[in-house]
Engineer: 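Dropping a structure here in structure tokens format, bear with me for questions.
Letters A, B, ... mirror the listed sequences (proteins, then strands); counts begin at 1.
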Protein chains: 2
Amino acid sequence: MRPHETIKPQKRKIRRGIGGMDLGAKSAGIKDIAKALNVSIGTVDRAIHDRTGVSERTKSKVLKMAEQLGYKPNLAAQALKLNRQLSIAVVLPKHISHFFDPLRAGIRDAAADNMGMQVSLEFFEYPRLGVGDVKAFSGMMERHFDGVIFLPGDARKFDSVIRKLSKAGTAMMCVGSDAPNTDRVGSVSAHASISGAIAAELIAHKLPQKANVVVFSGELSTLDHAEKLRGFAATLAVQSPHLTLLPALESHERPKEAYRQAMSLMEKGNHPQGVYVSTANSLPVLQALEELGLLGKVQIVTTDLFQDLVPLIESGKVLATLYQRPYTQGKVAFENLLAYLLKGSRQEMVVRLAPHIILRSNLSLFSSRATRPDEDPDEDLS
Amino acid sequence: MRPHETIKPQKRKIRRGIGGMDLGAKSAGIKDIAKALNVSIGTVDRAIHDRTGVSERTKSKVLKMAEQLGYKPNLAAQALKLNRQLSIAVVLPKHISHFFDPLRAGIRDAAADNMGMQVSLEFFEYPRLGVGDVKAFSGMMERHFDGVIFLPGDARKFDSVIRKLSKAGTAMMCVGSDAPNTDRVGSVSAHASISGAIAAELIAHKLPQKANVVVFSGELSTLDHAEKLRGFAATLAVQSPHLTLLPALESHERPKEAYRQAMSLMEKGNHPQGVYVSTANSLPVLQALEELGLLGKVQIVTTDLFQDLVPLIESGKVLATLYQRPYTQGKVAFENLLAYLLKGSRQEMVVRLAPHIILRSNLSLFSSRATRPDEDPDEDLS
DNA sequence: TTGAAAGCGTTACCAT
DNA sequence: ATGGTAACGCTTTCAA
């Protein structure tokens, strides 16, 4: 038989493409190419993966044939052979658990149903947003990880850490907030300024008359919180000039502080008619309003969803809450980090999720998550 | 060297588990179990997969050891070995493309980034919701598919088809709507009655006074549309008794009809103050309102997102639109169908996605999809 | 520069 | 009922 034009197995072709109107998808393997060219599969591999040890001539020959035959690598075989394993660290606060628990669950799930990859996850926790983070990080840094998923709090504190770890070859992925202008490989968060904007629009729907509104925030030094405020203020200014925004209140995530602030502001005669609580820590504020008998009278938009919020939304005492989709955030963060680690996606991967607007009418679709925080949520959450 | 007890490489154990505070996840393979029990890997395989040819005794022994060692199958190897290939047909209308194109894209993407599985997708199209579907189906049924993704329109028409194909061993997955009480293996859709409920709540926010409201629907024989109406009516009755719901209008997805209906209803003096268009075909209705000078005066909630809607939302002429997340629907439908086909998930997989509420303030997060309908959307759409 | 062959962890088949 | 082993498609090492 002639060297070219070999008798490639003609029967086997049958297994591919059931035929018909669908183009492409012919799918040839590495050995189909080898056979067609009468070279060894080793050579084909070298050519395709741009390895050393192939003459330019054969390389281009192989590449062309690969194209022609529609080569598609068998990912399963590839994964099996190079049984790579990655180590990924997750450094997140323990508090507030109704946010970070599902976030961690999302990471875990994404890691789990990622086949062909031996991923070792390791979780590091610290008490809350500003406290203990440094210690958690230094604990983590004693070992080497291929990537770390973390929440960038105060920018000044985290910038140097990110830089240092990145230099050491660790891929840094932000979740919950972002740290722009650093070496992080990407970030996943709910779109903060749009969250603020939505809150403003919803409150404005219910306040057609002149009125005051106020924002209860957490840490304005966290980019995320600052942006929410900005979005709220901007939307108010543009869409609802009849509403006046009072100076924002910053609780630094301390419940007592939040309660005190809410009390002193709202007990006055001309209290604001609209309230946006842009931190997940809305309970103290709500409690103050409750005690003042203002629930149901004031238009309230909160952040996140948790057990105690459910009845308040159900009864219409809270107009809406903006759900930041922690589970999805975790899932996407992991998937993108993995994509970066494997395929080296070069583009800056900044994902800003659309927050879900939870009202009385669609609460039932979400309330299960608030009840059982550690459960594996269905896709309808994504 | 002896046949048993070969000089297995002892160093390799090091690759597993980088150690530390994280429980579980040790990851043992099938041959680890075999080794620990001094049986062959064949036996282990039989036990684990509940195959014939193992004594109860060894089977339970193996199962226990698997548990103890934390057996986790190597999915890559599994996929490689049983190089199964599935054929999946997708039967969907061509119209309305701003809904079905991204839906198809979601299916394609889900199929693409599913590794280790040779999936052949085949698309069948028919003109629109009630027309040509029968022909498309019979064309498809000339060949055998392992699964088909389709939109169940009129229940009576589809029931028998679903039954017939199911009996023939084809897994039927509904998308866009559901067909309960049939043999379908699952469904993915936006939660219809909650869509209606949201529309009612949003309109009520803006209509604190006594007023009439109306629903423009498509095909009330399609479950999806009927449920939207039901949700709307129920929420209105419970939450906003001051609003009166006029009899619903059914356009049968004919633009002319919808326009005519809108015109004749709205030109009257005491026209409704709130309008919910529960079909994606909202343009004719909007055009009628525009011509009557009612845009901006009447509270309108629409369905889906497309190019022409963007400026209307931006300018506040449309209060909100309920985005049914076609891309995510397609993606999830495919993933669930695949899971069923592979793992034989036994539970009825009915996924009801939470529709995204698109307002003026968060429109920018979605409008890209309306502009370039065939593009691969980011995760922020999910 | 190239070819040949050993494995990766499973499954499936043929012995025993 | 059980053990042994070939093969899945790829990467990698060792020879030629």
Engineer: Tell me: CG of A/Asn74 to C1' of D/dA7, nearest whole Å?
Structural biologist: 13 Å
Engineer: Do you know the tightest heavy-atom contact between A/Ala47 and A/Leu63?
Structural biologist: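 So the minimum-distance heavy-atom pair works out to O-CD1, 3.9 Å.
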Engineer: Does a nitrogen or oxygen in the side chain of B/Asn83 sit under 4.0 Å from OP1 or OP2 of D/dG9?
Structural biologist: yes
Engineer: Establish, yes or no, whether the cationic atom of B/Arg108 lies under 6.0 Å from the six-membered ring centre of B/Phe123 and within 45° of the ring axis.
Structural biologist: yes
Engineer: Between D/dT2 atom C1' and B/Asn38 atom CG, what is the distance in whole Å?
Structural biologist: 13 Å
Engineer: Is B/Thr43 near enough to D/dG3 that one of its side-chain N or O atoms lies under 4.0 angstrom from OP1 or OP2?
Structural biologist: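 Looking at the OP1 and OP2 atoms of D/dG3, one of them is under 4.0 Å from a side-chain N or O of B/Thr43.
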Engineer: Is it the case that B/Ser187 and B/Asp178 place a side-chain donor and acceptor less than 3.5 Å from each other?
Structural biologist: yes
Engineer: For a quick check under 3.5 Å, do B/Tyr71 and B/Asp32 share a side-chain donor-acceptor pair by atom type?
Structural biologist: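 Distance-only check fails for B/Tyr71 and B/Asp32.
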Engineer: Below 4.0 angstrom from OP1 or OP2 of D/dT2, is there any side-chain N or O of B/Thr58?
Structural biologist: yes
Engineer: So which of B/Asp183, B/Ile162, B/Ile149 actually passes side chain to side chain contact (heavy atoms under 4.5 Å, CB included) with B/Met172?
Structural biologist: B/Ile162
Engineer: When the distance from CG of A/Asp32 to C1' of D/dC8 is rounded to whole Å, what number comes out?
Structural biologist: 13 Å
Engineer: Counting primed atoms plus P, OP1 and OP2 as sugar-phosphate and everything else as base, spell out the protein contacts along nucleotides 11-16 of chain D at 4.0 Å heavy-atom distance: B, S or - for each nucleotide, 5' to 3'.
Structural biologist: BBB---
Engineer: Would you kindly give the CD-to-P distance between A/Glu56 and C/dT2, to the nearest whole Å?
Structural biologist: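 From A/Glu56 CD to C/dT2 P: 10 Å.
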Engineer: Which residue in the set A/Ile30, A/Ile33, A/Val54, A/Val62 passes side chain to side chain contact (heavy atoms under 4.5 Å, CB included) when paired with A/Asp45?
Structural biologist: A/Ile30
Engineer: For the pair made of NZ in B/Lys59 and C1' in D/dT2, what is the distance, rounded to whole Å?
Structural biologist: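 About 15 Å, once rounded to whole Å.
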Engineer: Roughly how far, to the nearest 0.5 Å, is CG of B/Leu341 from OG of B/Ser87?
Structural biologist: 8.5 Å
Engineer: Taking CD1 from B/Ile48 and P from C/dT11, how many angstroms apart are they, rounded to a whole number?
Structural biologist: 8 Å
Engineer: For B/Ile33 and D/dT2, what is the distance between atoms CD1 and P respectively, to the nearest whole Å?
Structural biologist: 15 Å
Engineer: Could you tell me how far apart B/Leu80 (CG) and C/dT11 (C1') are, to the nearest whole angstrom?
Structural biologist: 10 Å
